[in-house]
Amino acid sequence: MNITFEAPDKVNGLMTITLEKADYQGEVDKTLKDYRKRANVPGFRPGQAPMSLIQRQYGPSVKLDVVNKMLGEKLYGYIQENKIQMLGEPLASEQQVPQDLEKDETLTFKFDIAVAPEFKAELTGKDKVDYYNITVDDKLIDQQVEMYQNRSGQYEKVEQYDAEQRDMLKGDLRELDGSIEVADAVLMPQYIKVEDQKKLFDGSKLGDVITWNPRKAYPESDVEVSSLLKIEKDDVKNHEGDFTFQITEVSRFTKAPVDQKLFDQAFGEGAVKTEDEFRQKIKEMIAAQFKTDSDYKFLLDVRAHMEEKVGKLEFPEALLKRVMKLNNKDRKDVDEYVEKNFELSIKELGWHLIKEQLVAAQGIKVENDDLKQVAKEAARAQFAQYGMSNVPEEYLDNYAQEMLKKRENVDGLVDRAVDIKLTAALKQVVKLNEKDITMEEFQKMLQA
């Protein structure tokens, strides 16, 4: 057996593996003998069929399997032993000479290998990177307090509709020609799209009968009209006339008061006892969320800094395009897809290689406890989206465990854990250029 590897330009590698008959024949013979023991050949007792018959029947396929297995082992073994940083998978070389696997005894295989460019990614205290501290002002706290009040608010019955409030009307809806009658129809006039239709409800009270036109009120939404009239969407065009709406109930949304009940609903019973403590707790919660945002922006800035510092990296572009085409071979527009996305793919690959070196330099390793913590925080964030900020730890633990059971979740959680640990480590390495910034300014910066 002979293995050679050439990479004259350091990124396009060519590996040549030559197998002699002596390299693979022993394993082929051993496999065929095993086949003979198990083969059921008509006219012969099990294990007694002539070896020549077994050879003719199974020899070529066994040889192919043995050679393929040996090639894989030797190819990846050589790459690992010689520390070749390969990008993607080896491809059958375009220099491969056709050969007869059944008849040829000496077999030569050539593989194109995409090799990662050689460079050094390093950060020290001399590197200066921006870090944005997002300020938590009273306006943000007020908005969060109001959000809690709205979530815990409720509708109360009143006598008269007020357009300035979040009033909801219930009543009997009838088409003037009698075609449609809907009992207990629900309307929120403030969401009517057309102003003259909306104003028809101003100052209305229990028992009033309003004549209006649903089709004119929602001119661009057949779905809304069909839902209100309890008809199919396609039938809306047949009911474009006026309707009456007799009000049977007026309900007004009232925000929950800022009291102990609200504190307990938001953060758990007894965790907060005064409005000042409530606002302080909210401030701490927002600050923790903002720290995640600040860290995210910091890592983006580290990336930009390192990409400029490392400079343009050389990649085996023709070979990587072949790899990309193979990975997307089922697409009908594969050529256009590769051309459109290749530059972005190369940019992401470059950052991946830079990041690998930074992770290695900081000795970062992701343990099971790291994954559990990341999954738990992801679960906490999901519950928070529904206003559940005081979920018991045991529920978070169970939810996180379920997330970790799904393979499709694990890779993303590993990446997140690496980013968290890398960000924390690099904040201790580089010189932070700290800047205070409002949330509005921060969002505009990210959008830009």
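Using a cutoff of 4.0 Å between basic side-chain nitrogens and carboxylate oxygens, Asp259 and Lys261 are not scored as salt-bridged. Residues Arg380 and Glu377 are paired through a salt bridge, judged by an N-O separation under 4.0 Å between the basic side chain and the carboxylate. Remark: Asp112 engages Arg322 in a salt bridge, criterion side-chain N to carboxylate O under 4.0 Å. We find that Glu146 and Lys255 are joined by a salt bridge, their nearest charged nitrogen and carboxylate oxygen being less than 4.0 Å apart. Looking at Arg215 and Asp222, a side-chain N of the basic residue comes within less than 4.0 Å of a carboxylate O on the acidic one, giving a salt bridge. A salt bridge links Asp142 to Arg279: one of the charged nitrogens lies within less than 4.0 Å of a carboxylate oxygen. Ion pair Lys347/Glu307 flagged as a salt bridge, since at least one NZ, NE, NH1 or NH2 atom sits closer than 4.0 Å to an Asp/Glu carboxylate oxygen. Note on Arg252 versus Asp167: salt bridge recorded, some NZ/NE/NH1/NH2 to OD/OE distance being below 4.0 Å.
Side-chain contact, Glu249 with Ser251: a donor N or O sits under 3.5 Å from an acceptor N or O. When only modelled atom types and interatomic distance are considered, Thr438 and Glu441 share a side-chain donor-acceptor pair under 3.5 Å. With no hydrogens or angles considered, no side-chain donor-acceptor pair links Gln149 and Gln144 at under 3.5 Å. Asn133 and Glu434 share a side-chain donor-acceptor pair at under 3.5 Å. Ser179 and Asp177 form a side-chain donor-acceptor contact under 3.5 Å, judged by distance and modelled atom types alone.
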Residue pair Glu122, Thr124: steps toward the side-chain hydrogen bond (donor to acceptor under 3.5 Å, both in side chains) verdict: CA-CA 7 Å; Glu122 186 179 28; Thr124 69; over 6 Å; no

Go through the steps to decide whether Asn68 and Asp65 satisfy the test side-chain hydrogen bond (donor to acceptor under 3.5 Å, both in side chains), and finish with yes or no. CA-CA 5 Å; Asn68 277 335; Asp65 289 343; 5.2 Å; no

Step-by-step side-chain hydrogen bond (donor to acceptor under 3.5 Å, both in side chains) determination, Gln362 to Gln357: CA-CA 9 Å; Gln362 299 304 318; Gln357 290 195 28; over 6 Å; no

Phe442 vs Phe290, ring-ring contact (aromatic ring centres under 6.0 Å, His included): CA-CA, chis, key distance, verdict: CA-CA 10 Å; Phe442 184 79; Phe290 282 177; 7.8 Å; no

Derivation of the salt bridge (charged side-chain N to carboxylate O under 4.0 Å, His left out) call for Glu339 and Lys321: CA-CA 8 Å; Glu339 288 304 318; Lys321 283 184 178 181; 3.4 Å; yes

Could you go step by step and tell me if Val236 and Leu229 meet the side-chain contact (heavy atoms from CB on, under 4.5 Å) rule? CA-CA 9 Å; Val236 169; Leu229 303 183; 5.9 Å; no

With side-chain hydrogen bond (donor to acceptor under 3.5 Å, both in side chains) as the criterion, how do Ser345 and Glu348 come out once you've worked through the C-alpha distance, each side chain's angles and the decisive distance to 0.1 Å? CA-CA 5 Å; Ser345 175; Glu348 291 302 314; over 6 Å; no

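Listed here is the closest heavy atom pair of Ile192 and Lys198: O-CE, 3.2 Å. Taking both residues in full, the closest heavy atoms of Val11 and Phe315 are given as CG2-C, 4.3 Å, listed atom of the first, atom of the second, then distance. Minimum interatomic distance between Asp264 and Val272 (heavy atoms only, all atoms of both residues): OD1-O, 4.4 Å. Residues Ala121 and Ile354 approach most closely at CB-CG2, 3.9 Å, considering heavy atoms. The two atoms that bring Pro90 and Tyr76 nearest to each other are CD-OH, 3.3 Å, heavy atoms only. Taking every heavy atom of both residues into account, Glu402 and Lys405 meet most closely at OE2-NZ, 3.1 Å.
Lys216 NZ: 12 or fewer foreign heavy atoms inside a 6.0 Å radius. Asn368 CG: 12 or fewer foreign heavy atoms inside a 6.0 Å radius. In the displayed structure, Glu81 atom CD is contacted under 6.0 Å by at most 12 heavy atoms of other residues, nucleotides or ligands. The environment of NZ in Lys376 is crowded: more than 12 heavy-atom neighbours from other residues, nucleotides or ligands sit within 6.0 Å. Within a 6.0 Å sphere centred on NZ of Lys74, other residues, nucleotides and ligands contribute 12 heavy atoms or fewer. Annotation for Lys273: atom NZ does not count as buried by contact number, only 12 or fewer foreign heavy atoms lying within 6.0 Å. Counted within 6.0 Å of CD on Gln80, heavy atoms from surrounding residues, nucleotides or ligands total 12 or fewer; the atom is thus considered open. The number of heavy-atom neighbours closer than 6.0 Å to CD of Glu118, taken from other residues, nucleotides and ligands shown, is 12 or below.
Between the side chain of Asn341 and the backbone N or O of Tyr337 there is at least one donor-acceptor pair closer than 3.5 Å. Remark: the backbone N or O of Val223 is paired with a side-chain donor or acceptor of Ser226 at under 3.5 angstrom. Within the 3.5 Å criterion, the main-chain N or O of Glu336 finds no donor-acceptor partner in the side chain of Asp333. Using a distance-only test at 3.5 Å, with no hydrogens or angles considered, no donor-acceptor pair links the side chain of Asn328 to the main chain of Lys325. Proximity of a side-chain donor or acceptor of Ser294 to a complementary backbone N or O of Tyr132 within less than 3.5 Å is detected. The backbone N or O of Val366 sits nowhere less than 3.5 Å from a side-chain atom of Asp370 that would complete a donor-acceptor pair. At distances below 3.5 Å, at least one donor-acceptor pair connects side-chain atoms of Asn398 with backbone N or O atoms of Glu394.
When each of Lys427, Lys431, Lys309 is paired with Asp127, the salt bridge (Lys or Arg N to Asp or Glu O under 4.0 Å) condition holds for Lys309 and for no other. Evaluated for a side-chain contact (heavy atoms from CB on, under 4.5 Å) with Asp301, the options Arg303, Lys297, His305 yield exactly one hit, Lys297.
Residues Gln99 and Phe109 have side chains in contact (heavy-atom distance under 4.5 Å, counting atoms from C-beta outward). The closest side-chain heavy-atom distance from Phe5 to Asn82 is not below 4.5 Å.
Using cut-offs of 30° and 60° for the angle between ring planes, the Trp212 and Tyr218 rings count as perpendicular. The aromatic rings of Phe278 and Tyr148 lie tilted to each other, with the angle between the two planes from 30° to 60°.
To the nearest 0.5 angstrom, Glu175 atom CD is 9.5 Å from Asn213 atom CG.
A centroid separation of less than 6.0 Å is found between the aromatic rings of Tyr58 and Tyr35. Ring-centre distance between Phe383 and Tyr395: not below the 6.0 Å cut-off.
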